[in-house]
Amino acid sequence: MAPAVAPPLCTWLVAACLSAACGAGEKEKQRRHGSGGSVRGLFGSRRRLRAGRRGGARSGMAMAVTLHPERGAVENKKNDIKQRRVVVTGMGVVTPLGHDPDEFYNNLLQGLSGISEIEAFDCSNYPTRIAGEIKSFSTDGWVAPKLAKRMDKFMQYLITAGKKALENAGITEEIMNELEKSRCGVLIGSAMGGMKVFSDAIEALRVSYKKINPFCVPFATTNMGSAILAMDLGWMGPNYSISTACATSNFCILNAANHIRQGEAEVMLCGGSDAPIIPIGLGGFVACRALSQRNSDPTKASRPWDVDRDGFVMGEGAGVLVLEELEHAKQRGAEIYAEFLGGSFTCDAYHMTEPHPEGRGVILCIEKALEDAGVTKEDINYINAHATSTQMGDLKEFEALIRCFGQNPQLRVNSTKSMTGHLLGAAGGIEAVAVIQAIRTGWIHPNINLDNPEKNVDVRMLVGPQKERCDVKVALSNSFGFGGHNSSILFAPLK
């Protein structure tokens, strides 16, 4: 009977042969393209070939294969990984309040609402006819026109926000060519995926299967946005998407940070994107009886913690961060906006849409996030709450905050959704940008429409109708999703 594991000599010989074969293939590639030449990428961008890969084996040389590494070496590696710090060096947004991080945050500071009547389709027969709809958006210069025509809007938003985040991070073409692509990854999720592409395919099928967009299956899946962005950039590191309803972005950001902390990547694009404002998206949430029906006064419809709230308001867009290992960022002279300290995710394990009555999952999530970040509850002085403007969700989250932090008037709490509506899977991404902008500017945005606060809410902790000065020590950003998915992440100024 053949042994389960090949003997060391056999393993060495196989490795040597593979290495020689790879070396010959590399020489042939260099002969055809030239070691310093450029090739056209999948989507029309040009990529420069590098002469060598940092840390890789030389062509034609046998690779040493260690089957049983020394225990001490493994322990040392773990200690090194523990010290790896993650920082934010870039931000990209596509939102109802602007497509630039500064424009977006300035509008938040002014208390402007991005909620308006839906114009993308006729919704006159719906009980809800308002949303945080993006009225003006262009992919010009960001996505190849032929591709943009076929892909779902959630992918257009994702790729545009991702590339804007890279530009914001100062990652020029020259720097891009110097990056080790195998250590750069993309982790941008979506709660709803390509709903429009799939919906259009169903309508086409009523005529004939021959009328279906051949890209409908890949372009409807939530992972394809991250995949196409990685193909365009040539990034070969961790690449996937996470879909945990409204908590999607936070899950993606924390997992992306962990890839860097664990030494698996140096740079990660992460966040979320959603484009649910289509007939089936609106109809589905109307059927859930989850949406506000304040159609006559759209800008007043999203009102977290207010007694007169009557449901959340749908929004659309994308929020993407560039996370980078601290020393890597310093070496390329990047501007560092904030440090990612840590986070956590838990599950309520209770109900599809309702939070646990005692907020157990949320409390556990916050406590684990503090532990992961190595900070105490006294260190937190700003919380960007999930607060969507639903009857139960707002109260249960605030009760959990009281349980975790006490009634501390020094702690400032606000909800970005009061102005943007709820961007579903993209919510945590744009709210992470809001948190980082608060750290950068020293200003936190107001809560609008909080005219008559719930009696169970400590209004001393809530930001008022005007922006407030705040020297942010540590900021906590919450995101919770259908299915009881809870996620909390923490940012702070770099020290």
Is any side-chain heavy atom of I228 closer than 4.5 Å to one of F219? yes
Between V463 and V413, is any pair of side-chain heavy atoms under 4.5 Å apart? no
Take atom CD of E327 as the centre, draw a 6.0 Å sphere, and report whether it contains more than 12 heavy atoms from other residues, nucleotides or ligands. yes
When you compare the side chain of D310 with that of Q293, does any pair of heavy atoms fall below 4.5 Å? yes
Please round to the nearest 0.5 Å and tell me the distance separating atom CE of M192 and atom OG1 of T248. 10.0 Å
Please find the pair of heavy atoms, one from A148 and one from T139, that lie closest to each other, and give the distance. CB-OG1, 3.7 Å
R183/E266 ion pair, N-O < 4.0 Å: yes
Does the side chain of D348 pick up a donor-acceptor pair with the side chain of N486 at under 3.5 Å? yes
Using modelled atom types only, decide if a donor and an acceptor are shared between the side chain of N447 and the backbone of S415 within a distance under 3.5 Å. yes
With Y240, which of N255, N223, V186, I188 fulfils side-chain contact (heavy atoms from CB on, under 4.5 Å)? N255
So does R332 pair up with E324, basic N to acidic O under 4.0 Å? yes
Has I280 got more than 12 heavy atoms of other residues, nucleotides or ligands less than 6.0 Å from its CD1? no
Answer yes or no: is there a donor N or O on one side and an acceptor on the other, between the side chain of E133 and the main chain of E119, under 3.5 Å? yes
Go through the side-chain N and O atoms of D274 and S190 and say whether any donor and acceptor fall under 3.5 Å apart. yes
Could you tell me whether a side-chain N or O of S488 sits under 3.5 Å from a main-chain N or O of N478, the two making a donor and an acceptor? no
Salt bridge flag under 4.0 Å for residues E431 and K417: yes
Flag if over 12 foreign heavy atoms under 6.0 Å of CD, E378: yes
Do L112 and N106 come within less than 4.5 Å of each other through their side chains, counting heavy atoms only? no
Let me see the working for L291 and M314 under side chain to side chain contact (heavy atoms under 4.5 Å, CB included), right down to the final yes or no. CA-CA 8 Å; L291 300 181; M314 291 173 67; 3.7 Å; yes
Using a distance-only test with no angle check, is there a side-chain donor-acceptor pair under 3.5 angstrom linking S344 and D372? no
Distance only, no hydrogens: is a donor on one side chain within 3.5 Å (strictly under) of an acceptor on the other, for S116 and K135? yes
Find out whether the Lys NZ or Arg CZ of K163 is both under 6.0 angstrom from the six-membered ring centre of W142 and within 45° of the ring's axis. no
Does the side chain of T416 come under 3.5 Å of the side chain of N384 through a donor N or O and an acceptor N or O? yes
Output for pair (S479 OG, E397 CD), nearest 0.5 Å, gives 9.0 Å
Examine distances only and state if a side-chain atom of K181 and a backbone atom of M176 form a donor-acceptor pair shorter than 3.5 Å. yes
Distance check, rounded to the nearest 0.5 Å: L395 atom CG versus K455 atom NZ? 10.5 Å
Stepwise side chain to side chain contact (heavy atoms under 4.5 Å, CB included) check, I277 with F121: CA-CA 9 Å; I277 305 174; F121 59 95; 4.2 Å; yes
State whether a side-chain donor-acceptor pair under 3.5 Å links Y382 with N414. yes
For T388 and V313: C-alpha separation, side-chain torsions, deciding distance, then whether side chain to side chain contact (heavy atoms under 4.5 Å, CB included) applies. CA-CA 8 Å; T388 62; V313 180; over 6 Å; no
Heavy-atom closest pair, residues K473 and N381: N-OD1, 2.9 Å
Is the shortest heavy-atom distance from the side chain of N168 to the side chain of V322 under 4.5 Å? no
For the residue pair W235 and L179, establish whether any side-chain heavy-atom pair is separated by less than 4.5 Å. yes
Is there a donor-acceptor pair under 3.5 Å between the side chain of R150 and the backbone N or O of N213? no
Could you measure the distance from the CD1 atom of I489 to the CG atom of L341? Nearest 0.5 Å is fine. 10.5 Å
Atom CG of L323 and atom NE2 of H328: how far apart are they, to the nearest 0.5 Å? 13.0 Å
Just by distance, do the side chain of R303 and the backbone of N449 share a donor-acceptor pair under 3.5 Å? yes
For G429, is there any backbone N or O sitting under 3.5 Å from a side-chain donor or acceptor partner on S249? yes
Which residues pass the side-chain hydrogen bond (donor to acceptor under 3.5 Å, both in side chains) test with S136, sequence neighbours left out? none
Report the C-alpha separation of I383 and L401 in whole Å, then their side-chain angles, then the decisive distance to 0.1 Å, and conclude whether the side chain to side chain contact (heavy atoms under 4.5 Å, CB included) test is met. CA-CA 9 Å; I383 295 174; L401 296 181; 3.9 Å; yes
Decide, yes or no, whether a salt bridge links K300 with D308 under the criterion of side-chain N to carboxylate O below 4.0 Å. no
Looking at the rings of Y157 and F137, which for Trp means the six-membered one, are their centres under 6.0 Å apart? yes
Side-chain ion pair, E325 and R85, N-O less than 4.0 Å: no
Taking atom NZ of K467 as the centre, report whether more than 12 heavy atoms of other residues, nucleotides or ligands fall under 6.0 Å from it. yes
Is there a donor-acceptor contact under 3.5 Å from the side chain of T95 to the main chain of G98? yes
Charged N-O contact under 4.0 Å between K396 and E399: yes
Over 12 non-hydrogen atoms of neighbours within 6.0 angstrom of OH in Y126: yes
Counting N and O atoms only, with roles assigned by atom type, does the side chain of T160 sit under 3.5 Å from a partner on the main chain of Q156, one being a donor and the other an acceptor? yes
Should the pair E367-K377 be classified as a salt bridge under the 4.0 Å nitrogen-to-oxygen rule? no
Is the closest side-chain heavy-atom distance between L97 and Y105 below 4.5 Å? no
Measure from the side-chain N and O atoms of D100 to the backbone N and O of E103, and report whether any donor-acceptor pair falls under 3.5 Å. yes
Whether K153 and E316 form a salt bridge (side-chain N of Lys/Arg under 4.0 Å from carboxylate O of Asp/Glu) is what I want to check. no
Looking at every non-hydrogen atom in both residues, tell me the closest pair between V320 and A161 and how far apart they are. CG2-CB, 3.8 Å
Is the F491 to Y337 ring centre distance short of 6.0 Å? no
In Å and rounded to the nearest 0.5 Å, what is the OG1 to CZ distance from T346 to F480? 8.0 Å
Which pair of non-hydrogen atoms, one from G90 and one from A169, has the smallest distance, and what is that distance? CA-CB, 3.7 Å
Nearest heavy-atom neighbours spanning A329 and V87: CB-CG2, 4.0 Å
So which heavy atom on P304 is nearest to which on A387, and how close? CG-O, 3.6 Å
Could you go step by step and tell me if Q437 and D102 meet the side chain to side chain donor-acceptor pair (under 3.5 Å) rule? CA-CA 8 Å; Q437 291 286 57; D102 290 334; 3.1 Å; yes
Would you say the side chain of F154 lies within less than 4.5 Å of the side chain of K196, judging by non-hydrogen atoms? no
